[in-house]
Amino acid sequence: MNIISLIVWTLEKNCFIVYTALIVCFIGFTIFHKNRLDIHYRNVEIKREKLARTGPKKKEREFPDDGDDDPELLLPAIPEDTPHIPYRPPRKSDEEILQKSREYYELMAKRRTVRCFSAEPIPQEVLDNIVKTAGTAPSGAHTEPWTFVVVQDPQTKEAIREIVEQEEELNYTQRMSRQWVTDLKPFATKPSKPYLSEAPALVLVFRQAYSWRSDGKKRMHYYSEISTAIAAGFLLAAIQYCGLVALTSTPLNANARLRDLLSRPANERLELLLPVGRPHKETTVPDLDRKPLEEIMLKI
């Protein structure tokens with residue numbers, strides 16, 4: 001008897017057992033597969049709910065709720081009944097608009113970063129006005145997430161310089177890549193920052209991640225990074241417009257120490273440090289070209 005005949009004979013003699021085993025296997029497979037499907041659909045539902053809460057990129061909300069579901073505790077950043085008033089700025093002709101655009105471009109094209117300042121003081125009202133101009137920048141939900149600290153006190157400027165130079169020494173020797181340091185050589189930048197004590201004023205731009213409402217709850221600041229960046233742009237434009245110069249510096253790794261020195265709260269982060277004043281009579285700047293319009297603008 002060959003192997004095939006043996007298998008057939010065995011199946012015929014034990015057909016009840018074979019059919020029973022097949023039925024049990026089928027039932028077991030069905031139950032197992034059903035459980036797999038239930039788990040799959042449950043995971044899909046969980047992902048769908050998470051996606052609905054966090055958005056299409058599967059990230060946690062950038063501005064999560066604070067856990068209060070009571071509508072009475074949900075207050076807008078500004079009063080909900082804030083009136084809307086007509087906005088009718090003076091209308092200019094195409095020729096006037098074109099002339100204004102040319103004039104402003106020519107003014108801003110002359111803006112340069114300088115590292116050598118005259119010690120000649122700046123009138124306080126000028127500093128007030130350039131900061132007020134920065135404060136006109138748009139912000140997410142009108143939360144105005146910025147604080148401008150204007151330092152003119154010589155001792156405080158010296159303390160700021162000491163902190164920045166200590167951190168910059170570490171930045172140049174340990175933290176920054178060799179390529180980064182190499183890229184800075186044409187600008188003659190070094191860990192020493194004499195302009196921090198020489199400039200008549202320092203404007204430190206702090207970004208507020210959040211603030212506090214009158215009821216003690218957090219008031220979230222939406223898009224605080226880009227809002228503060230836009231305000232800094234307004235500030236630089238105002239400095240240039242009134243005939244002053246500035247240096248755009250970002251004191252790497254000095255945020256916490258400078259925040260403590262200036263008694264700023266934990267919800268604020270230093271984003272920019274601007275020495276502001278008139279240029280020293282012997283100031284020089286690199287002879288640089290800016291990218292032409294066709295390299296920075298795409299017309300569609």
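The structure presented is a predicted model; accordingly, all values stated were derived computationally and were not measured.
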When rounded to the nearest 0.5 angstrom, what distance separates [atom1] in [X] from [atom2] in [Y]?
{"X": "Met176", "Y": "Thr182", "atom1": "CE", "atom2": "OG1", "result": "9.5 Å"}
{"X": "Asp81", "Y": "Ile78", "atom1": "CG", "atom2": "CD1", "result": "9.5 Å"}
{"X": "Glu169", "Y": "Arg175", "atom1": "CD", "atom2": "CZ", "result": "11.0 Å"}
{"X": "Glu268", "Y": "Leu258", "atom1": "CD", "atom2": "CG", "result": "13.0 Å"}
{"X": "Thr283", "Y": "Lys281", "atom1": "OG1", "atom2": "NZ", "result": "11.0 Å"}
{"X": "Gln179", "Y": "Asp183", "atom1": "CD", "atom2": "CG", "result": "4.5 Å"}

Would a distance-only check, ignoring hydrogens and angles, find a side-chain to backbone donor-acceptor pair under 3.5 Å from [X] to [Y]?
{"X": "Ser118", "Y": "Glu120", "value": "yes"}
{"X": "Thr133", "Y": "Ala238", "value": "no"}
{"X": "Ser139", "Y": "Glu144", "value": "yes"}
{"X": "Glu165", "Y": "Lys193", "value": "yes"}
{"X": "Lys157", "Y": "Ala199", "value": "yes"}
{"X": "Ser227", "Y": "Gly140", "value": "yes"}
{"X": "Asn255", "Y": "Leu270", "value": "yes"}
{"X": "Arg111", "Y": "Leu236", "value": "no"}
{"X": "Gln240", "Y": "Ala237", "value": "no"}
{"X": "Arg278", "Y": "Pro121", "value": "yes"}

[X]-[Y] co-clustered via ILVMFWY side chain contacts under 4.5 Å:
{"X": "Phe234", "Y": "Leu244", "result": "no"}
{"X": "Leu274", "Y": "Val245", "result": "no"}
{"X": "Leu127", "Y": "Leu272", "result": "yes"}
{"X": "Leu202", "Y": "Leu247", "result": "yes"}
{"X": "Leu261", "Y": "Val205", "result": "no"}

- [ ] For salt bridge (charged side-chain N to carboxylate O under 4.0 Å, His left out), just list the numbers for Lys217 and Asp215, CA-CA rounded to whole Å, side-chain angles, deciding distance to a tenth of an Å, and then say yes or no.
- [x] CA-CA 6 Å; Lys217 294 178 61 62; Asp215 59 3; over 6 Å; no

For the residue pair [X] and [Y], establish whether any side-chain heavy-atom pair is separated by less than 4.5 Å.
{"X": "Tyr105", "Y": "Leu107", "value": "no"}
{"X": "Leu235", "Y": "Ile130", "value": "yes"}
{"X": "Cys242", "Y": "Val126", "value": "yes"}
{"X": "Gln152", "Y": "Gln124", "value": "yes"}
{"X": "Ile239", "Y": "Val203", "value": "no"}
{"X": "Lys100", "Y": "Lys92", "value": "yes"}
{"X": "Arg115", "Y": "Val285", "value": "no"}
{"X": "Phe117", "Y": "Pro279", "value": "no"}

Please give me the minimum heavy-atom distance between [X] and [Y], naming the atom from each residue.
{"X": "Trp146", "Y": "Ala134", "answer": "CZ2-O, 4.4 Å"}
{"X": "Met220", "Y": "Ala209", "answer": "CE-O, 4.5 Å"}
{"X": "Ser249", "Y": "Leu273", "answer": "OG-O, 2.5 Å"}
{"X": "Ala137", "Y": "Ala231", "answer": "CB-CA, 3.5 Å"}
{"X": "Ala109", "Y": "Arg290", "answer": "O-NH1, 2.9 Å"}
{"X": "Asn267", "Y": "Ser211", "answer": "ND2-CA, 4.0 Å"}

Would one find more than 12 heavy atoms of other residues, nucleotides or ligands at under 6.0 Å from atom [atom1] of [X]?
{"X": "Glu295", "atom1": "CD", "answer": "yes"}
{"X": "Gln155", "atom1": "CD", "answer": "no"}
{"X": "Tyr172", "atom1": "OH", "answer": "yes"}

[X] and [Y]: side-chain donor and acceptor closer than 3.5 Å?
{"X": "Glu271", "Y": "Thr228", "value": "no"}
{"X": "Ser224", "Y": "Gln208", "value": "no"}
{"X": "Asn171", "Y": "Glu167", "value": "no"}
{"X": "Gln99", "Y": "Glu103", "value": "yes"}

- [ ] Go through the structure and list residues passing salt bridge (charged side-chain N to carboxylate O under 4.0 Å, His left out) with Arg112, not counting sequence neighbours.
- [x] none

Open item on the list: Does Met108 form a side-chain contact (heavy atoms from CB on, under 4.5 Å) with Tyr241? I'd like the steps, not just the answer.
Closed with: CA-CA 8 Å; Met108 296 307 296; Tyr241 185 79; 6.0 Å; no

TODO: Could you walk me through whether Thr156 and Leu262 pass the side-chain contact (heavy atoms from CB on, under 4.5 Å) test, one step at a time?
DONE: CA-CA 9 Å; Thr156 306; Leu262 300 171; 4.0 Å; yes

- [ ] Give the intermediate values and the outcome of side-chain contact (heavy atoms from CB on, under 4.5 Å) for residues Ile160 and Leu204.
- [x] CA-CA 10 Å; Ile160 290 173; Leu204 293 91; 4.2 Å; yes

Task: Tyr210 and Trp212 aromatic ring geometry - parallel, tilted or perpendicular at 30°/60° bounds - done: perpendicular

TODO: Determine, stepwise, if the pair Asn129 / Lys132 fulfils side-chain contact (heavy atoms from CB on, under 4.5 Å).
DONE: CA-CA 5 Å; Asn129 287 335; Lys132 285 195 297 184; 3.3 Å; yes

